[in-house]
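Taking it in order: structure first as structure tokens, then the write-up.
Every number for a ligand or one of its atoms is a count from 1 in the order of the listing.
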Amino acid sequence: MTDTTTRNALIAAARDAASRAYAPYSGFHVGAALLLKNGDVVTGANVENASYGLTLCAETAAVAKIANEGWIGELAEVAIVGGRPDGEALTGSDPVHPCGRCRQILNEAAERSQTDILVHCASGDDSAVATYKLSELLPAAFGPKDLGLID
Ligand code: THU
């Protein structure tokens, strides 16, 4: 999926997921949408915790969902949206990029999927999108290939 229409649909799915974030501490709502090779979309949102360091990021929640369904090798593309809610809308004009831990977790699924996935990073107010290959966000990654699980 590289055309604008489908990219925007993936961002819209991430935005919808962000509306279900549990983020009472930071007030920063993040949604992630994972496009699978068969066209299905699986989403996740951040889940915070009173013990702050236990927070789950949106991307991590979404990758856990596909892994638990047996689809970790089916990832094709990702969109991430984040911002602070103002009513129904998110605010913020800067694209939200995945944190370091999430880049590594996305890499696990990407290597298993044998795809250098595209990662669309969108701003809360939908004014900006930056698209990267995962290998740009996490160059020289350590992953399952290093443990002999991938050719
Ligand atoms: N967050 C994500 O969900 N994904 C990221 O890649 C970056 C940060 C969340 C974690 C926390 O709930 C909030 O954003 C503020 O850091």
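Among pairs with a residue in residues 135-151, those fulfilling side chain to side chain donor-acceptor pair (under 3.5 Å) read E111-K145, D116-S135, at least two apart in sequence or across chains. Identified under the side chain to side chain donor-acceptor pair (under 3.5 Å) test for residues 54-64, with sequence neighbours left out: none. Within the structure, the side chain to side chain donor-acceptor pair (under 3.5 Å) test picks out the following pairs touching residues 87-100 (sequence neighbours left out): H97-Y132.
No more than 12 heavy atoms of other residues, nucleotides or ligands lie within 6.0 Å of CZ in R101, so this atom counts as exposed by the packing criterion.
Side-chain N or O atoms of N46 include one that pairs as donor or acceptor with a backbone N or O of F28 at under 3.5 Å. With hydrogens and angles disregarded, a donor-acceptor distance shorter than 3.5 Å links the side chain of R84 to the backbone of S26.
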Contact table, ligand 1 N/O with protein N/O, distance under 3.5 Å:
unit_1: ligand 1; atom_1: 3 (O); unit_2: A58; atom_2: N; d: 2.9
unit_1: ligand 1; atom_1: 4 (N); unit_2: E59; atom_2: OE1; d: 2.8
unit_1: ligand 1; atom_1: 6 (O); unit_2: E59; atom_2: OE1; d: 3.4
unit_1: ligand 1; atom_1: 6 (O); unit_2: E59; atom_2: OE2; d: 2.6
unit_1: ligand 1; atom_1: 6 (O); unit_2: C99; atom_2: N; d: 2.9
unit_1: ligand 1; atom_1: 12 (O); unit_2: N46; atom_2: ND2; d: 2.9
unit_1: ligand 1; atom_1: 12 (O); unit_2: E48; atom_2: OE2; d: 2.5

